[in-house]
Amino acid sequence: MAHVRPLATVESALRASDAGVPDRENAAAHGVAVKTIRRWRREYQRRGRPRGQTHLAPPCPRCEDGPLDEPAYAELLGWYLGDGHISLGRRGVHALHVYDDARYVADIARIQELMRAVKPGGRPHTRQVPGAVVVTVSWKHWPCLLPQHGPGRKHERPIVLEPWQREIVAAHPGPFLRGLFHSDGSRVRNWATRTVAGATKRYDYPRWQFSNRSEDIHGLCTWALDLAGIPWRRSGRWTTSVSRRDAVAALDRLIGPKS
């Protein structure tokens, strides 16, 4: 089990242990349980595990110059805009929650993979809610990476990307579109009838649809589709559609099926 004490406390306790201070006295001096001192000695002194909480608190790519997996970030941003939100917990730690239909097992696993890529060493967990699965991972720096976070629903407030976010999406429109369409989109089959040589014929064709109540998020979706060279149209007040056969095939190749 990983400790949740400050690294300075761990280092001080280990120095005391090295100096021969008994575990009970060491524990009392540092305000921890005796079994905690013994675990630290076992993990850090005998087994040589790296000290600290780097698996819990990697450096932030924005305020601490940490690394950022840009394709993974672009896709996670799409998931967040489509069906995610951030909540504030204890000690200033925020939690990123992304919802997905419980039927899409591969997509749920993909969300966890993206969270681990964007927050190295992160440990996302899932919980069931009616008809859906929520994937959650905590980090103090989610507002740094997702500055669109704010009070109220997304469609009731402006959603505008920061210049650095636009640069990432411009470089990786495919992953961004995958996040958007796999969260708030669907691939459906439409049909139409035509009269040919006096006979009525029915034609079936596939279509991708992105549904969201935020006009700003639709603008980001269509901007990314333009970047990817995929024709689109607004087929409803809250819907952006990709309907042309060649465009659907191109989007299929770019984002893959929901599964």
Side-chain angles (χ1 to χ4, degrees), residues 68-85 96 98-101 103-104 106-111 113-115 117-118 135 145-150 153-192 203-259:
L68 180 60
D69 184 327
E70 293 191 354
Y73 173 77
E75 185 172 341
L76 187 61
L77 174 62
W79 278 101
Y80 163 74
L81 293 176
D83 223 344
H85 75 278
L96 170 62
V98 177
Y99 290 70
D100 196 28
D101 193 305
R103 294 175 298 170
Y104 300 126
D107 274 349
I108 293 168
R110 175 65 176 170
I111 296 168
E113 179 185 340
L114 293 170
M115 288 179 172
V118 174
V135 186
L145 289 175
L146 298 169
Q148 289 68 40
H149 165 62
R153 299 178 178 180
K154 296 190 192 79
H155 68 274
E156 296 173 343
R157 53 190 170 85
I159 299 294
V160 180
L161 297 187
E162 297 287 338
W164 64 269
Q165 291 178 296
R166 292 185 67 87
E167 289 181 7
I168 291 175
V169 173
H172 308 283
F176 180 67
L177 288 169
R178 189 180 197 279
L180 287 178
F181 276 90
H182 279 237
S183 60
D184 261 0
S186 60
R187 192 182 190 277
V188 300
R189 295 200 68 84
N190 283 11
W191 61 272
Y203 296 87
D204 291 276
Y205 59 95
R207 168 188 287 182
W208 276 101
Q209 294 180 321
F210 175 71
S211 299
N212 195 288
R213 294 179 66 85
S214 168
E215 192 62 37
D216 287 345
I217 294 176
H218 274 287
L220 294 172
C221 179
T222 56
W223 169 60
L225 287 169
D226 287 341
L227 289 172
I230 296 176
W232 55 272
R233 69 184 183 88
R234 290 296 295 268
S235 56
R237 185 178 180 185
W238 311 120
T239 305
T240 295
S241 295
V242 174
S243 304
R244 283 174 37 180
R245 188 184 301 273
D246 58 340
V248 171
L251 192 54
D252 284 345
R253 291 190 297 270
L254 196 63
I255 68 175
K258 295 180 67 169
S259 60

Looking only at non-hydrogen atoms, find the nearest pair between [X] and [Y] and report the distance.
X    : Y    : answer
L177 : A224 : CD2-CB, 3.6 Å
D100 : H182 : OD1-O, 3.9 Å
W79  : S183 : CE3-CB, 3.4 Å
L227 : A170 : CD1-CA, 3.7 Å

Tell me, please, which residues at least two apart from [X] pass ring pair (Phe, Tyr, Trp, His ring centres under 6.0 Å).
X    : value
W238 : none
W232 : none
Y80  : none

Got a sec, which residues hit side chain to side chain contact (heavy atoms under 4.5 Å, CB included) with [X], two or more places apart in sequence or on another chain?
X    : result
A117 : D69, A72
A250 : I230, R253
R153 : H155, E156
S243 : R207, R233, S241

Got a second to check how far [X]'s [atom1] is from [Y]'s [atom2], nearest 0.5 Å?
X    : Y    : atom1 : atom2 : value
L180 : L220 : CG    : CG    : 7.5 Å
F181 : T240 : CZ    : OG1   : 7.0 Å
L146 : H85  : CG    : NE2   : 12.5 Å
L161 : I217 : CG    : CD1   : 9.5 Å
F210 : L225 : CZ    : CG    : 9.5 Å
L77  : I168 : CG    : CD1   : 8.5 Å

Task: Heavy-atom check, side chain of W208 versus side chain of I255, under 4.5 Å - done: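 Yes - at least one pair of side-chain heavy atoms lies under 4.5 Å apart.
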- [ ] Quick one: which residue pairs count as a side-chain hydrogen bond (donor to acceptor under 3.5 Å, both in side chains) with a foot in residues 166-181, not counting sequence neighbours?
- [x]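 Matches after skipping sequence neighbours: E75-R178.
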Open item on the list: One pair to check against side-chain contact (heavy atoms from CB on, under 4.5 Å): L96 and L76. What are the steps and the verdict?
Closed with: CA-CA 10 Å; L96 170 62; L76 187 61; 4.0 Å; yes
TODO: Tell me, please, which residues at least two apart from R157 pass salt bridge (charged side-chain N to carboxylate O under 4.0 Å, His left out).
DONE: none
Task: Residues which pass salt bridge (charged side-chain N to carboxylate O under 4.0 Å, His left out) with E162, listed by chain and number, not counting sequence neighbours - done: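 Listed in chain order: nothing, the list is empty.
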Open item on the list: Among residues at least two apart in sequence or on other chains, which ones pass side-chain hydrogen bond (donor to acceptor under 3.5 Å, both in side chains) with Q165?
Closed with: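 In terms of side-chain hydrogen bond (donor to acceptor under 3.5 Å, both in side chains), with neighbours along the sequence ignored, Q165 is linked to Y73, Q148.
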Open item on the list: Run the side-chain contact (heavy atoms from CB on, under 4.5 Å) test on S211 and D184 for me, step by step, so that the C-alpha distance in whole Å, both residues' side-chain angles and the decisive distance to 0.1 Å come before the verdict.
Closed with: CA-CA 6 Å; S211 299; D184 261 0; 5.7 Å; no
TODO: State whether the side chain of K154 and the backbone N or O of H149 hold a donor-acceptor pair below 3.5 Å, judged by distance alone.
DONE: no
- [ ] Give a yes or no on whether a salt bridge exists between K258 and D101, defined as a side-chain N under 4.0 angstrom from a carboxylate O.
- [x]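 D101 and K258: not salt-bridged.
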Open item on the list: Filter on salt bridge (Lys or Arg N to Asp or Glu O under 4.0 Å), then keep only pairs touching residues 211-228, sequence neighbours left out; what's left?
Closed with: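 Every pair satisfying salt bridge (Lys or Arg N to Asp or Glu O under 4.0 Å) with a residue in residues 211-228: E215-R234.
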